[in-house]
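Scope of the values below: all heavy atoms of this structure, side chains included, with no hydrogens, waters or symmetry mates. Order of listing sets the numbers, starting from 1, for every ligand and every atom in it.
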Amino acid sequence: GKPREGFVKTPHSRPMLSLDNAYNEAELRAWDQRVRDALPSTDQIRYVCELKLDGLSLALHYAPAPDGSARLLRGLTRGDGTIGEDVTSNVRTIRSVPLRVAPAKLKDAGMPASFEVRGEVMLPQAAFLKMNEQRVAQGLAPAVNPRNAAAGTIRTLEPNIVAQRRLDFYAYFLLHDEGEKAGEFLLPTQSEGLEALRTAGFRVNTHATTVDSIDQVLAFIAKADTLRDSLGYEIDGVVIKVDASAQQRRLGFTGKAPRWAIAYKFAARAGITQLGGVLFQVGRTGKLTPVAALAPVFIGGTTVTRATLHNADEIARLGVRIGDFVQVERGGDVIPKIISVVDDAKHPRGTEEIVFPTLCPRCKTLLVREEGEVDYRCVNASCPARLEEELRHFASRSVMNIEGLGEVMVAQLLGHTIAEQATTEPNADEDIEAESEAAPTAKALVHSIADIYQLTKEQLLTLERIGEKTADNLLAQIENSKAAPLNRVLLGLGIRHVGERTAQALAEHFGNIDDIIAADIPTLTAINDIGPKVAETIHEFFLNDRNRALVDRFKKLGLTMTAEKRVTTTTLEGLTFVLTGTLPTLTREAAKEMIESAGGRVSGTVSKKTNYVVAGEEAGSKLDKAQSLGVPILDEPGLRALLAPSAQ
Ligand code: IVH
C-alpha cells in the first residue's frame, strides 16, 4: 500500500485500520468473550456479519452541492492507512459509485449531504478473466489475482482504462465527514448505516446479516463458505462487527485494529501434489517461463496440473526440486502457484535439480539474461516458438482481429498436424523435453507474420479439417484486417512494452509509420506517456533489419500505415509548473492533465527552474518557497488564462 508517484497524497479523516484475524471457532469464541467482558453484563450484543470482500478499501467523500444533493468530491485509496492517494478521476468511472445522491434519496436514507463512505473496490471474476485475456494477447504478463488486478487498475493513470475494466464498489461504512465528528459513525448502528447506504443508491453486499449470538455467526460463516464458489467475486472470509456504535466506542481500538470487529479468515484453497517436471515455454518476446508439471490434484473445484514458477529467482527462493511434494494454492488466480516445498515424514524430498536450459528449447539459440533482469530470453527473432506466439498475438481480437486464426490454425500454418498438437500437451509423468521438439516442419505455410497475407485457398485446402467455406472465410478475414488502423498494426508488431495506449500515442503523434521508424529516442520520449525505457525499445525495434523488412512487406501488401495526426497544443512547451493547495474547481489530476496536454511539465518541487507555481487554498511550504525564490504564482484563473488561445 505504499503511495506511488503520480497521485496526490491526502490524509484520511480517521486512519483506515486493518482487522484482527480469527482462523478457527475457538479464536472467534475468545473474541466474543473479550467483547462481552468489556461491555456491561446487562448489554444486549448484536453482531453484523458481512462477507470479507477480497479487494482493497477506498474512502469516498461526498459534499453538498447548491441543489442540495451530495456530490462525489474525492476518492482515496487506503495508502499507508493514514495518508491515501487521490484516485478520484478513476473512482468516477466505477458504475456502482454514485456521482451524485439526489436530495430526496438523502432524505429517505436519513443522511446529510456531507458524508464519507468506506468500502471495498474489487474486480469481478469475469472482468478479471477478460482483462487477463487481453493482457496475454498484448504480450503482457497476466495479473496474478483479481485483488492485484483491482489494485493496479485503481492506480492506473488513465481513467479510460479504468472504465473499461468494470470495477465494482461495495460500501460498508457510513461516516460523518464534517467538524469534530468527521470519521465517526453517522448512524447509531452499523446495520442502519448499511441500510441507509443502500437507500442512497450505493451497492451494499446483500449477504450482510445481523445476529444475536456467536453461534449464529458460526452458522453465517458456514453458509458463506458454501457460497464462496458461486458469488462471481472473491471473498477470503467473514467480517464480524459489533452493531451498536455506542458499544463500539466503549470497546475502542488496539494499536492497529478495532476491538469491535474481527475477520474470520477462510483457509486458502490449497493442496499438496508432486512436481513431475518443469516445462520451459518461450513467449512472444522470447521470454522463457518455467511451468511446473504437477500430478493432477483437485483444488477448490478444478483439477490442477500446472503451476507457474515465474522465473529462475522464484525457483531458487522455493528451493524446489523435481520429485518434491509441493503446496499449491489457487486463489482467484488463473494460474495456480507453488507456495512451498513440503518436507515431512510422509513426503520425501525430490532429488533432481531444476536446470534452466542454456539453449532455447525450440530453436537451440543461446539464451540471454540481460543485466538487471530476472528473465532469460531467446533472442533469435526467427525462433519458431516466438513466431507461433507472434501470430497468435497478431491475429487476436484486440489486435488485428482475424477471426478463424486461432491457436489450432496457427499451429497448422506452422506445419503441425492436429494430432501432434494434442500430444504436445505434456502430462506430469511424461518426459517433459518432448514439448520442446515441436518446431515448424517442412510443410509450414508461414515463416513470417506477413506470409499470412499471401496464403492461397489451395494452400489452406491442404490443411486438415479445412473445407472450402472455412478457407474462404479465413481469407476474407485476413483481407479485411488490412483496414485495421495503424495503431493496431503497431500493436501487432509486438514491440516490447508497447501496449494499446503507447501504440495509439505513436500513431496519433506521427501519423505515419515512416516517421515512427525515423524517430530518435529524444523525439519518442517527448511524447506523453512514453518514458526513456519504452522509447529505447521502440527505437531498437526499428533498427533491426528484419523488423523493418516486415514493415516494408506490410506496406506493399496494403496494410494501413497512416493515421490521423492529433494536433496537441504546445502552448506551454518548455515550461515547468508546480501545483500546491486546493484549486477551486480543478482537481490536481485535472490541472496536471491540462498542463501536460499543452506541452508543459508538472514537478513536485519548487526550484529556481520552476516557471510557475499554481497555488490554491491552503497552499503550504511550496508557496513560501516560490515567494522567496521569486517564482511567479498563478491562481486557477491565471492558469486558465495562460492556456487560453488569446494568451498565445
Ligand atoms: S471493515 C477497521 N468490512 O479487509 C475496519 N473490511 O483485513 C476495517 N474488507 O482493510 C474495515 N470486506 O479492505 C470491513 N465487509 C468488510 C470488508 C472489509 C473486506 C477488507 C478491508 C480491510 C481489510 C482488513
Check: every ligand 1 N/O to protein N/O pair under 3.5 Å:
residue: ligand 1; atom: 3 (N); partner: Lys241; partner atom: NZ; Å: 3.0
residue: ligand 1; atom: 4 (O); partner: Lys52; partner atom: NZ; Å: 3.1
residue: ligand 1; atom: 6 (N); partner: Tyr172; partner atom: OH; Å: 3.4
residue: ligand 1; atom: 7 (O); partner: Lys52; partner atom: NZ; Å: 3.3
residue: ligand 1; atom: 12 (N); partner: Leu53; partner atom: N; Å: 3.0
residue: ligand 1; atom: 13 (O); partner: Glu120; partner atom: OE1; Å: 2.7
residue: ligand 1; atom: 13 (O); partner: Glu120; partner atom: OE2; Å: 3.1
residue: ligand 1; atom: 15 (N); partner: Glu50; partner atom: OE1; Å: 2.8
residue: ligand 1; atom: 15 (N); partner: Leu51; partner atom: O; Å: 3.2

Worked verdict on Thr199 versus Asp108 for side-chain hydrogen bond (donor to acceptor under 3.5 Å, both in side chains): CA-CA 7 Å; Thr199 307; Asp108 282 352; over 6 Å; no
Ring centers of Phe128, Tyr233 separated by less than 6.0 Å: no
Tyr23/Tyr264 aromatic ring centres below 6.0 Å: no
Pairs meeting criterion ring pair (Phe, Tyr, Trp, His ring centres under 6.0 Å) with involvement of residues 187-232, two or more places apart: Tyr62-Phe202
Six-ring centre of Phe266, Lys52 cation under 6.0 angstrom, axis tolerance 45°: no
From Lys241, Glu50, Arg118, Glu120, residue fulfilling side-chain hydrogen bond (donor to acceptor under 3.5 Å, both in side chains) relative to Tyr172: Glu120
